[in-house]
Amino acid sequence: MQATNAKLRQGRGVIEHYCEYLPVSDSTPIISLGEGDTPLLFCPQLSKRVGHGCEVFVKNEGVNPTGSFKDRGMTVAVSKALERGATALICASTGNTSASAAAYAARAGISCAVVLPAGKIASGKLLQAFAYGAKIVAIDGNFDDALRIVRELGERGDFAIVNSINPDRIAGQKTAAFEIVDALGNAPDFHLLPVGNAGNITAYWAGYRAYNAHQRSTKLPVMLGFQAAGAAPIFYNRIVETPETIASAIRIGNPASWKQARAAIAESHGAIDIVSDEEILAAQKWLAQHEGILAEPASAAAIAGLFKCRNSNEAAYSFQKIPDGSGIVCTITGHGLKDPDIISQRMKELEPVAATVTDVRRVIGL
Ligand code: AN7
């Protein structure tokens, strides 16, 4: 069977697509699940709500193979680990990293251990770690405790760490910025995203700069990062000992890439801001019901942040400063199906009715 080169590359993942920008060589065994190449969706309702002729796009990372942006970094981290002869991976996680690591370890035929804060992982993500066959350890502690333990275990050399303290993870995650520039023909004016351990904001900024240095864009975006109000160490500029938020993915009190996130914000003339759990849930619902995109709560923090910039005088970055007709990209970092418990409360209100046209019509109310 004959296939064109372009066809072969399509759906083969971010390493094949962007190899010249990644730390790989011919001797790197590529472990891919066809990650990346995610839709950059123009959002008409969101654009209308922001107004001033702004065009708002969503980079929907929820449609990656394990349902989050982590797969971009994981393909590079696992491929490089294998190249170095690793036989076991380890990570700490609030859920998505563990789901992704477990899947790519299975694909590579090596083992994977995940260290998780007990009782704080969204059920879909925990289900994924089990399904892909990871060795799962739940600790009486939070993500920051888990990462401390993983760092120590990694230092002994028994495991390859695949958290974003591994630079191969950041390298892979840069490809989301490349795809956005490739799709728009230039960088956007503003890029909004949620911030937890702060690897992704670091990666996007590095990606935008790398592409700019290669003349693939003529501008750089303003980076706007959003933390949950109860887990906002970068915003408050101090470690949060007991972070709390409904957005469990970003329930992190001492981010590993804190300094790099600060640099990205300063260099891009951006800002870090907070959004409340109520604002996060309202944004999640709004995006699902007005644009048809179901984001997990952490991802909805970026949308809540967009609304805050637009409406609040207290926003760290006021959209009064945004020129008319700006191009805005928000990253939806993970799929809403990963965290069904958030929405399932509403499902419990569903009452069955008699199986008749009359009863069904009455309930529809039209
Ligand atoms: C959906 O899985 O830290 O600022 O261990 O799952 O790069 O940490 C997840 C983080 C945003 C924050 N959105 O990204 C983990 C983990 C979602 C996430 C973030 C995460 P970073």
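When a ligand or atom number is given, it counts from 1 through the structure's own listing order. We count residues from 1, following the sequence as given.
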>> Below a 4.0 angstrom heavy-atom separation, can you tell me which part of Leu193, side chain or backbone, both or neither, approaches ligand 1?
In response: neither
> N/O to N/O below 3.5 Å, does that happen between Glu296 and ligand 1?
Replying inline: no
> How close does the nearest protein non-hydrogen atom get to atom 5 (O) of ligand 1, and which residue and atom is it?
Replying inline: Thr94 N, 2.8 Å
> Quick one: nearest non-hydrogen protein atom to atom 6 (O) of ligand 1, plus distance?
Replying inline: Asn96 ND2, 2.7 Å
>> Closer than 4.0 Å to some heavy atom of Val195 - which atoms of ligand 1 meet that?
In response: 4 (O)
> Going by distance only, is there an N or O of Gly199 that falls short of 3.5 Å from an N or O of ligand 1?
Replying inline: yes
>> So Val162 and Lys70, do their side chains get closer than 4.5 Å, heavy atoms only?
In response: no
> Pairs in or reaching into residues 240-265: which pass salt bridge (charged side-chain N to carboxylate O under 4.0 Å, His left out), with residues at least two apart or in two chains?
Replying inline: Lys120-Glu244, Glu244-Arg251
>> For atom 2 (O) of ligand 1, what's the nearest protein heavy-atom neighbour? Residue, atom name and distance, please.
In response: Thr97 N, 2.7 Å
> Does Gly196 reach ligand 1 with a nitrogen or oxygen that is under 3.5 Å from one of the ligand's nitrogen or oxygen atoms?
Replying inline: yes
> What residue and heavy atom of the protein are closest to atom 17 (C) of ligand 1, and at what distance?
Replying inline: Thr333 OG1, 3.3 Å
> So among Asn200, Thr333, Thr38, which one has a side chain to side chain donor-acceptor pair (under 3.5 Å) with Glu61?
Replying inline: Thr38
Which side-chain N or O atoms in residues 213-234 pair as donor and acceptor under 3.5 Å with protein atoms at least two apart or in another chain?
from, atom 1, to, atom 2, distance (Å)
His214, ND1, Ala210, O, 3.0
Arg216, NH1, Tyr21, OH, 3.4
Arg216, NH2, Asp182, OD1, 3.4
Ser217, OG, Asn212, ND2, 3.1
Ser217, OG, Lys219, O, 3.3
Thr218, OG1, Asn186, ND2, 2.7
Lys219, NZ, Asp189, OD1, 3.0
Gln227, OE1, Ile234, N, 3.1
Gln227, OE1, Phe235, N, 3.1

> Are Lys174 and Tyr18 close enough that some pair of their side-chain heavy atoms sits under 4.5 Å apart?
Replying inline: no
> Is there a nitrogen or oxygen of Ser98 sitting under 3.5 Å from a nitrogen or oxygen of ligand 1?
Replying inline: no
>> Regarding Thr66 and Tyr132, do their side chains bring together a donor and an acceptor under 3.5 Å, going by distance alone?
In response: no
>> Suppose I only count heavy atoms of Ile250 and a 4.0 Å limit; which atoms of ligand 1 are within that range?
In response: 11 (C), 12 (C), 19 (C)
>> I'd like to check whether Asn163 has a polar contact with ligand 1, where a contact means an N/O of the residue lying under 3.5 Å from an N/O of the ligand.
In response: no
> What are the atoms of ligand 1, with element, lying closer than 4.0 Å to any heavy atom of Phe143?
Replying inline: 5 (O)
> What are the atoms of ligand 1, with element, lying closer than 4.0 Å to any heavy atom of Ser93?
Replying inline: 2 (O), 5 (O), 15 (C)
>> Under 4.0 Å between a side-chain nitrogen and a carboxylate oxygen: does that hold for Glu179 and Arg72?
In response: yes
> Considering only protein heavy atoms, which is closest to atom 7 (O) of ligand 1, and at what distance to one decimal place?
Replying inline: Asn200 N, 2.7 Å
>> Which residue and atom name correspond to the protein heavy atom nearest atom 9 (C) of ligand 1, and how close is it?
In response: Lys70 NZ, 3.0 Å
>> Give me the nearest non-hydrogen protein atom to atom 18 (C) of ligand 1 as residue plus atom name, then the distance to 0.1 Å.
In response: Ala249 CB, 3.5 Å
> Do Thr242 and Asn142 have side-chain heavy atoms sitting under 4.5 Å apart?
Replying inline: no
> Minimum heavy-atom separation for Ser68 to Asn64, with atom names?
Replying inline: O-CB, 3.2 Å
> Is Ser68 in contact with ligand 1, taking contact as a heavy-atom separation below 4.0 Å?
Replying inline: no
>> Quick one: does any side-chain atom of Asp324 pair with a main-chain N or O of Gly53 as donor and acceptor, under 3.5 Å?
In response: no
>> What's the separation between atom CD1 in Ile332 and atom CG in Asn60, rounded to the nearest 0.5 Å?
In response: 7.0 Å
> Under a 4.0 Å heavy-atom limit, does Ile252 contact ligand 1 with its side chain, its backbone, both, or neither?
Replying inline: side chain
>> Below 4.0 Å from ligand 1: does a non-hydrogen atom of Ala198 turn up there or not?
In response: yes
> What do you reckon, does Lys125 put a non-hydrogen atom under 4.0 Å from ligand 1?
Replying inline: no
>> With a 4.5 Å cut-off on side-chain heavy atoms, are Asn237 and Trp258 touching?
In response: yes
> Taking atom types as modelled and ignoring hydrogens, do the side chains of Ser276 and Glu279 form a donor-acceptor contact shorter than 3.5 angstrom?
Replying inline: yes
> Taking distance alone, with no angle check, do Gln173 and ligand 1 share an N/O pair under 3.5 Å?
Replying inline: no
> What protein heavy atom sits nearest atom 8 (O) of ligand 1, and how far off is it?
Replying inline: Asn197 N, 2.8 Å
